[in-house]
Number of protein chains: 2
Amino acid sequence: MVVKNKANITIADVAKKAGVSKTTISRYLNGKFEFMSDESKSRIQEVIEELNFRPNKLARSLKSSKSRLIGVLISDISNPFFSILVQGISDTCNQHGYHVLVANTNNATAKEQEYILSMIDQRVEGFIVNTTGFNTEFLREIEDNYVPIVLADRPVFSDTFDTVKSDDQQATMDIIHYLAAKGFSRVGFFSEPILNVGTRIIRQQTYRQACKEILRIEPQEYEVGVKEKEKAQRFAREFVSRNEGYKKVIFTANGLTMLTMLEAIHALGLRMPEDVAICGFENWPWMEFVGSSGITAISLPSYEIGVECVNRIMLRLEATTKIKPVTIKLPTKLNIRGSTE
Amino acid sequence: MVVKNKANITIADVAKKAGVSKTTISRYLNGKFEFMSDESKSRIQEVIEELNFRPNKLARSLKSSKSRLIGVLISDISNPFFSILVQGISDTCNQHGYHVLVANTNNATAKEQEYILSMIDQRVEGFIVNTTGFNTEFLREIEDNYVPIVLADRPVFSDTFDTVKSDDQQATMDIIHYLAAKGFSRVGFFSEPILNVGTRIIRQQTYRQACKEILRIEPQEYEVGVKEKEKAQRFAREFVSRNEGYKKVIFTANGLTMLTMLEAIHALGLRMPEDVAICGFENWPWMEFVGSSGITAISLPSYEIGVECVNRIMLRLEATTKIKPVTIKLPTKLNIRGSTE
DNA sequence: CTGAAAGCGCTAACAT
DNA sequence: ATGTTAGCGCTTTCAG
């Protein structure tokens with residue numbers, strides 16, 4: 001029988017039964033044993049176990065304004081990248097004795113605001129936000145007036161927030177160096193048409209830089225949404241014919257775009273890498289056996305990003321002085337497979 | 001400026017400024033306008049907007065023992081099946097004005113207990129549990145003494161819990177009927193060696209039943225863990241040679257096992273479906289273009305399971321009388337592709 | 001070493 | 001139609 005505090009035992013019941021005051025119980029619960037007699041201590045412990053007493057966190061929180069809750073806002077939790085991020089966040093928070101309040105914003109700016117405000121009403125102690133990108137001012141106000149915020153994965157172009165993300169510049173330069181060495185003289189950048197997502201922007205800008213510095217070509221960029229199957233096929237065809245005679249590769253900015261383009265390639269009956277090669281951001285287990293010998297892809301440190309986000313929040317919660325915001329870039333890994341042979 | 005309740009405005013401040021009592025403010029906040037003058041009402045509204053007042057949910061919760069929080073325990077949130085489930089749960093809870101406290105149990109029985117107890121301390125109003133399977137007694141105690149529980153996806157063999165899951169019996173019978181009609185006389189059941197997970201057990205039992213009633217063969221069952229690459233290859237080879245001369249198909253009990261076996265098939269250089277066919281539970285986008293023409297797979301209603309779980313909880317929270325526990329089985333869909341041609 | 005009492009912000013029974 | 005008052009369960013001065 002693990003459970004039996006049916007009667008809603010409170011600190012007062014424990015105090016009465018132990019023959020001490022509520023204060024002493026409170027001290028016991030908070031580990032303030034310095035000036036407590038050993039008798040009291042062991043007596044209290046006995047009674048607590050006997051009554052199966054567990055303190056009401058709501059009451060504690062109300063009194064202390066410390067809820068031991070972290071608010072987590074995720075743009076799309078069904079995306080494995082983000083669910084692993086949440087796993088990292090959740091596991092680490094739990095280790096610190098915190099719980100996470102998770103909400104799915106579905107990339108909607110208004111929902112992001114609404115949920116954040118509502119979580120503040122619950123007195124969360126901090127936020128980890130995978131932001132939609134349109135709430136920079138709002139987030140700054142929250143951070144200024146309430147609790148710390150760490151941005152997960154998606155930066156905003158303002159250095160006032162702690163940000164934890166993958167090192168996308170490095171990753172992009174690395175993969176393009178690799179592609180160039182393999183003889184791919186034409187690299188097309190394929191991404192989702194989502195405005196304002198810092199991650200995409202950084203990958204795209206680094207791609208452009210790499211086009212100039214490494215490949216010495218004009219960038220070839222395509223924006224295609226997840227549901228736009230026809231457009232994806234048109235773009236694939238266009239990219240292939242436009243670069244006739246060159247070794248060419250489709251470079252996708254994220255896992256969803258990879259899926260979109262793989263579908264198109266499959267539908268068009270193109271061979272990888274003979275007709276067109278492919279590679280991109282986000283590495284998933286199934287990529288090992290798609291095509292004749294797998295898809296070249298960049299592993300992102302999703303779990304570790306989650307862990308670091310929590311570490312930053314905890315740092316700020318413990319800090320007594322202001323801490324300067326930093327951007328933490330975690331290393332990625334390039335997995336080379338047959339799709340870029 | 002959306003935010004500016006820096007000074008922690010309380011109901012008392014609003015009352016003072018509006019020239020009424022705290023009670024009236026409280027009534028206003030709770031929509032008890034029946035006996036309130038229109039002057040008071042509009043005056044209060046003004047002041048609330050002016051001061052940007054938002055009620056402290058912690059205080060409300062302490063008073064009412066209603067936290068507007070639902071606890072969600074997930075065995076492995078990095079698994080897309082579960083992350084979509086969480087999405088369904090989270091979206092639906094938010095629609096009802098609830099937030100979700102999410103914890104990842106990593107299939108650990110002790111963690112499941114620990115997090116549940118801790119969430120009770122936070123006064124969550126209900127639980128949605130994707131249980132490890134070893135906490136039946138514990139969960140029953142929680143439900144008896146505290147708050148409603150709904151089991152998501154994984155049933156336990158006890159009819160005392162509300163359970164929401166996919167209709168695995170139907171799905172299994174359907175796919176085996178389909179396979180039999182296609183001429184597959186040998187079907188092997190491949191699953192993870194996890195004990196006590198109701199979902200696996202049901203799929204396996206139905207498979208056995210189908211072996212008897214439809215295929216009229218002895219069941220051929222293999223248990224292989226996600227990391228056991230060699231074992232997977234051994235089993236694949238064994239299954240193929242054992243059923244030499246028959247049309248045979250590997251039937252995987254979940255997405256992870258599908259990945260494990262695809263890897264093995266790929267490593268062994270087996271052709272699908274010529275050397276061995278494959279199909280299984282869980283349908284993902286990438287399955288459309290693995291192999292020459294996709295993988296046959298069963299779509300599971302993950303999101304809808306999440307939605308229904310919340311509906312059940314809400315039903316219980318609103319109910320005044322005891323509600324009889326039910327098991328809700330949601331329909332699946334068979335996606336036929338080239339791997340079972 | 002311990003306790004009395006005040007109060008966190010809100011709600012609700014009981015007045016009026 | 002509105003206010004007074006007493007808590008919800010805990011923490012924390014302040015006083016012994």
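Letters A, B, ... are given to chains in the order of the sequence lines, protein chains preceding strands, and every chain is numbered from 1.
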Query raised in the report: So, B:D76 versus A:Q87: side-chain donor-acceptor pair below 3.5 Å or not?
Result: yes
Requested in this report: Grab the CD1-P distance between A:I44 and D:dC10 for me, whole Å please.
Outcome: 14 Å
Requested in this report: Quick one, give me the B/S/- string for nucleotides 11-16 of chain D, reading 5' to 3', where B means a protein heavy atom under 4.0 Å from the base and S means that only happens at the primed atoms, P, OP1 or OP2.
Outcome: BB-B--
Report task. Round to the nearest Å and state the distance from B:K57 atom NZ to C:dT11 atom C1'. Result -> 17 Å
Query raised in the report: What pairs with B:R154 under salt bridge (charged side-chain N to carboxylate O under 4.0 Å, His left out), at least two apart in sequence or on another chain?
Result: none
Query raised in the report: Closer to the 5' end of DNA chain D via nearest nucleotide, is it A:P55 or B:E34?
Result: B:E34
Query raised in the report: Contact class for B:S65 (heavy atom, under 4.0 Å): base, sugar-phosphate, or nothing?
Result: nothing
Report task. Please identify each residue that fulfils salt bridge (charged side-chain N to carboxylate O under 4.0 Å, His left out) with B:D91, with sequence neighbours left out. Result -> none
Report summary line: Separation of D:dG9 atom P from A:F53 atom CZ, nearest Å, is 10 Å
Report task. Please report how far the helix from C:dC1-D:dG16 to C:dT16-D:dA1 bends, comparing the axis fitted to its first five pairs with the axis fitted to its last five, to the nearest 10 degrees. Result -> 40°
**Report entry** Charged N-O contact under 4.0 Å between B:E143 and B:R140
**Finding:** no
**Report entry** Residue mapping more 5' on DNA chain D - nearest nucleotide basis, B:L62 or B:V20
**Finding:** B:V20
Query raised in the report: Are side-chain N/O atoms of B:K111 and B:T132 paired as donor and acceptor at under 3.5 Å?
Result: no
Requested in this report: Can you tell me the distance, in whole Å, between the CD atom of B:E39 and the P atom of D:dA1?
Outcome: 10 Å
Query raised in the report: Please give, in whole Å, the distance from C:dC8 C1' to B:I9 CD1?
Result: 16 Å
**Report entry** Contacts of A:Y303 that satisfy ring-ring contact (aromatic ring centres under 6.0 Å, His included) - sequence neighbours left out
**Finding:** none
Report summary line: The salt bridge (charged side-chain N to carboxylate O under 4.0 Å, His left out) partners of B:D153 (sequence neighbours excluded) come to none
**Report entry** Euclidean distance, atom NZ of residue A:K41 to atom P of C:dT2 [Å, nearest integer]
**Finding:** 11 Å
Requested in this report: Give a yes-or-no answer on whether the side chains of A:Q122 and A:S67 include a donor-acceptor pair shorter than 3.5 Å.
Outcome: no
Query raised in the report: Quick one: is D:dA1 close enough that its OP1 or OP2 comes under 4.0 Å of any side-chain N or O from B:T24?
Result: no
Query raised in the report: For the pair made of CZ in A:R123 and C1' in C:dG9, what is the distance, rounded to whole Å?
Result: 9 Å
**Report entry** Distance in angstrom units between A:M36 CE and C:dT2 C1', rounded
**Finding:** 9 Å
Query raised in the report: If you look at every strand shown and take non-hydrogen atoms under 4.0 Å, does B:S61 touch a base, only sugar-phosphate, or nothing?
Result: nothing
**Report entry** Side-chain donor-acceptor pair present, B:N130, B:S75, cut-off under 3.5 Å
**Finding:** yes
